[in-house]
Each structure stands twice: as structure tokens, then as C-alpha cells.
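A short write-up of the structure that comes next.
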Amino acid sequence: MARRAWQIPEGEATPEAVFLNRRKFLRELGRLGAAGLLAGCGHEQIYTPDEAPPAASPPASITKEPQTSPDPEPSLYPARLNPAFSQLDRPLTEESVAAHLNNFYEFSEAKGEVWKLAWMLDTRPWQVEVAGLVRRPQLFDVDALIRRMPLEERLYRFRCVEAWAMAVPWTGFPLKALIDAVEPLSSARYVKLLSFFDPEKAPGQWDNPGWPWPYGEGLTMAEATNELTLLATGVYGHELPEQHGAPLRLVVPWKYGYKSIKSIIRIEFVEEEPPTFWDTLQPGVYDFWANVDPAVPHPAWSQDTEELIGTGERRPTLRYNGYGEYVAHLYAGG
Ligand SMILES: Nc1nc2c(c(=O)[nH]1)N[C@H]1C(S)=C(S)[C@@H](COP(=O)(O)O)O[C@H]1N2
Ligand SMILES: [Mo]
């Protein structure tokens, strides 16, 4: 079988982290103290789409502590498909492929391992703090927030800076709906978004205490209120599994995937451009803008083409990932 880009051994397959120390999978297993995991996973995993369930779930031999409040009503899903985002130029990525190749450095640098670790995260109860330069700062219970917001489904292309791409049905609501609810002041110029910090649950945070946790990202107000900018609560017609960033993650499809921050706990309106996780780790390589652009290579690889994960097909990379009609006007010189 031809090797896919994402099946290259870990040391080559995570270029966002090639400059970082390699971490041992066994160390993560040790952190979990999970004998049940060792039996199934003590070998180098080559992912085969049909062999495993899509959701992050503990092995049968491990009992996860019950969460202290129930998950939201499954009746929210699937949400109404927005006809404006119901067509793509490529088939949807198989759910089992998307659910087993994840970038979520809080858990692991190895894409194929994230789903085996992320189930540790307790996503209920979950609060999202909206703060900073707003008239109505609020601490939302995530389910109360989700019930209040207009959920819809959209099919989006998704392009990682590592030159692979997916096509994903997200469920969520426009970030603009939340922004309107909190009434930003005219002094707010950027939106700063932060993920959780919990090294007890996230082995990647435990193993890499020197990294700039929590994972943070940012958008200009114009980007944050753009029609495309989604806060996702679900994927493939159900709520988000942990490895995709439950209970709430950003999706900005014209930008490289690292902007689409997962498992958000804080949204702050600020005056200055906020520091971001990848730009802090490697200044100048993963910049604040991160707009998909085939003409600007990564220092270590071309961005000319992308591989559709799950199929091996290569396609030309599209400027703004094909979303120029929505966003090109935001950037001087288009
Ligand atoms: N908190 C957090 N968010 C994150 C990341 C991460 O490591 N931590 N990785 C980013 C990167 S590089 C990509 S490509 C996407 C991957 O999303 P997916 O696993 O749902 O496909 O999540 C982004 N959001
Ligand atoms: Mo990425």
C-alpha cells in the first residue's frame, strides 16, 4: 500500500513540531496508569479507517468517572443544513478518517494517538467566559449558550498548514451571533481565544510544561464577525467528540487549521493583537494571519498542493482555501 503523507513515521509526520522534543507514547500511557490501554496499543499504530469507532472513547477496561452534568440534548443534532454551504468541490472526508487524525497538542504530537487520549477531558460542566472590552461580559454555561444560539450545519473545506486537507460537515453558530450578544465596545480591535489548561487530563501539557499553554489564538474584529467564522459544537451530525475540540471550537476555513482553536474556555475582546500559540513557539513561521496561500511556501515545504486525507488525492491549494469571495476584501491588496 502506498504510504500517505500522514502515515509517515511520527518524526516526519508532525512538521509543526519537528523542532520540538519527541515524546514517547509509553510515557503517555504511563500517565494514564491504564493497564487496559497497554494491551491494545503497545505497537506502532498505522491507522485503518474501518477498524475503530469515530468517537474518542475509553477502552472497555477503563471506566471514566461520570461527568457531573448531563451532555446536551442529542435532539439539537443534526441541525438544519445551511443551503449556502451545502456544496463542496470534493467529497466529504470519511468521519472515521477525520476522527482519528487530529492535531491537538494538549494530548499528543502524534495525530493518530489524540483520539485515544482526548476522552480524558471532562467537557461537562463547561464554562465559557466572555470578557474584556464588551458592554455585557458573561460567564456562559456552554449548554445554555448553545441553546441560545442559532445552530446550523455547514460543509467546509479545512486546510492544515502541513499540506493536508479535509472536507467536514460542522454544526455550530456564527461567532458574530455571540459577539452581538455581548456588545463589544468600539475600542475592541481583536478577539483573543483561549483553550483549557489541565495537565492532569492532557498529557501533552504535562510533558511540555515549557510550551506557551494555554493554546491561544486571535482574530481581528472584521475576521471574527465574518459570515464564515463559526463556533462549532458538532461535527458529522452529532456533538463534537473530544478530539475535535469539544465542547466548543473555532472554525475559520480560509485560514490554516491552527487558527481553529479547540475546547475554548475564554473569549476576550482586546485592543492589541494577541500572542498566539504557534507564533510564540516558532516566531515568523506560523504567523497571526495564516491565510491559506499557495504562493507562500512554509520554510520546509511547498504549499502549492494539498493531500485530501483518506483518499491520497492531491489538489492544487486554493487562495484563501477557495473562500476569497467572502474574505479577500478583508486584506489589503486582496
Ligand atoms: N487547543 C488546540 N486547538 C487546536 C490545535 C491544538 O493543538 N490545540 N491544533 C490545531 C491544528 S494545527 C489543526 S490542523 C486543527 C485540527 O482539527 P481537527 O483535529 O478537528 O481536524 O485544530 C487546531 N486547533
Ligand atoms: Mo494544522
Side-chain angles (χ1 to χ4, degrees), residues 16-17 19-20 103-106 126-140 142 145 159-161 172-199 202 204-205 208-232 245 247-293 296 298 320-321 327 330-332:
E16 284 173 347
F19 63 100
L20 302 165
N103 275 333
F104 205 165
Y105 283 78
E106 284 85 339
W126 188 279
Q127 292 182 320
V128 181
E129 185 180 14
V130 184
L133 303 170
V134 289
R135 228 160 260 121
R136 303 161 62 87
Q138 277 175 76
L139 187 60
F140 290 99
V142 77
L145 175 66
R159 173 60 153 79
C160 177
V161 71
F173 56 88
L175 175 55
K176 183 175 189 304
L178 174 57
I179 291 177
D180 289 346
V182 297
E183 300 175 24
L185 305 175
S186 57
S187 51
R189 295 180 57 225
Y190 294 89
V191 182
K192 174 182 175 181
L193 304 109
L194 291 180
S195 293
F196 67 93
F197 182 68
D198 187 358
Q205 292 182 328
N208 302 291
W211 294 7
W213 311 112
Y215 195 104
E217 262 302 339
L219 298 169
T220 64
M221 285 298 287
E223 292 173 333
T225 53
N226 186 271
E227 168 181 10
L228 290 178
T229 304
L230 213 62
L231 281 175
L248 191 70
R249 62 91 55 87
L250 185 71
V251 182
V252 276
W254 73 99
K255 292 177 178 288
Y256 290 121
Y258 65 85
K259 296 296 288 185
S260 291
I261 181 174
K262 297 177 170 180
S263 304
I264 296 165
I265 63 156
R266 185 174 160 91
I267 299 175
E268 186 182 347
F269 293 76
V270 296
E271 228 174 294
E272 307 282 320
E273 183 183 300
T276 59
F277 181 84
W278 283 105
D279 193 43
T280 306
L281 263 182
Q282 216 179 12
V285 180
Y286 303 107
D287 75 342
F288 181 82
W289 298 104
N291 293 322
V292 174
D293 189 348
V296 179
H298 182 278
Y320 298 117
N321 202 22
V327 297
L330 296 175
Y331 308 103

Distance, nearest 0.5 Å, that separates [atom1] of [X] from [atom2] of [Y]:
X	Y	atom1	atom2	result
Leu248	Leu231	CG	CG	5.0 Å
Ser195	Tyr105	OG	OH	14.0 Å
Asn291	Leu330	CG	CG	8.5 Å

[X]: which residues meet the side-chain contact (heavy atoms from CB on, under 4.5 Å) condition with it, sequence neighbours left out?
X	answer
Pro212	Phe277, Thr280, Leu281
Asp287	Tyr258, Trp289, Ala290
Leu228	Phe85, Tyr156, Asn226, Pro253, Trp254, Tyr323, Tyr326, Val327

Qualifying salt bridge (Lys or Arg N to Asp or Glu O under 4.0 Å) pairs, either residue in residues 211-222, two or more places apart:
Glu217-Lys259
Begin from the C-alpha positions of Arg189 and Thr220 and carry the test side-chain contact (heavy atoms from CB on, under 4.5 Å) through to its verdict.
CA-CA 6 Å; Arg189 295 180 57 225; Thr220 64; over 6 Å; no
Hey, are the side chains of [X] and [Y] touching, using non-hydrogen atoms and a 4.5 Å cut-off?
X	Y	answer
Arg135	Leu185	yes
Trp211	Gln205	no
Tyr215	Phe104	no

What side-chain donor-acceptor pairs closer than 3.5 Å can you find for residues 260-274, not counting sequence neighbours?
residue : atom : partner : partner atom : Å
Ser260  : OG   : Val252  : N            : 3.2
Lys262  : NZ   : Asn103  : O            : 2.8
Lys262  : NZ   : Gln243  : O            : 2.8
Ser263  : OG   : Gly245  : O            : 3.4
Ser263  : OG   : Ala246  : O            : 2.7
Arg266  : NE   : Glu268  : OE1          : 3.4
Arg266  : NH1  : Glu129  : OE1          : 2.9
Arg266  : NH1  : Glu129  : OE2          : 3.4
Arg266  : NH2  : Glu268  : OE1          : 2.9

Any donor-acceptor pair under 3.5 Å from Thr276 side chain to Phe288 backbone
no
Has Asp279 got a side-chain atom pairing as donor or acceptor with Val285's backbone, closer than 3.5 angstrom?
no
Kindly indicate, with the supporting measurements, whether the criterion side chain to side chain donor-acceptor pair (under 3.5 Å) is fulfilled by Glu223 and Tyr331.
CA-CA 10 Å; Glu223 292 173 333; Tyr331 308 103; 2.7 Å; yes
With sequence neighbours left out, write down each residue that passes ring-ring contact (aromatic ring centres under 6.0 Å, His included) with Phe173, or none if nothing qualifies.
none
Pairing residues for Tyr256 by the ring-ring contact (aromatic ring centres under 6.0 Å, His included) criterion, not counting sequence neighbours
none
Among Thr225, Ile179, Leu133, which residue meets the side-chain contact (heavy atoms from CB on, under 4.5 Å) test with Pro184?
Ile179
For the pair Val128 and Leu178, evaluate side-chain contact (heavy atoms from CB on, under 4.5 Å) and give the outcome as yes or no after the intermediate values.
CA-CA 11 Å; Val128 181; Leu178 174 57; 5.7 Å; no
Side chain to side chain donor-acceptor pair (under 3.5 Å) filter on Arg249, not counting sequence neighbours, yields none
Just jot down the side chain to side chain donor-acceptor pair (under 3.5 Å) partners of Glu106, sequence neighbours excluded, or say none.
none
Work out which heavy atom in Pro137 is nearest to a heavy atom in Ala131; give both atom names and the distance.
CB-CA, 4.4 Å
Checking Tyr320 against Val292 for the side-chain contact (heavy atoms from CB on, under 4.5 Å) test, could you report, in this order, the C-alpha distance in whole Å, the side-chain angles of both residues, the deciding distance, and whether it holds?
CA-CA 5 Å; Tyr320 298 117; Val292 174; 5.8 Å; no
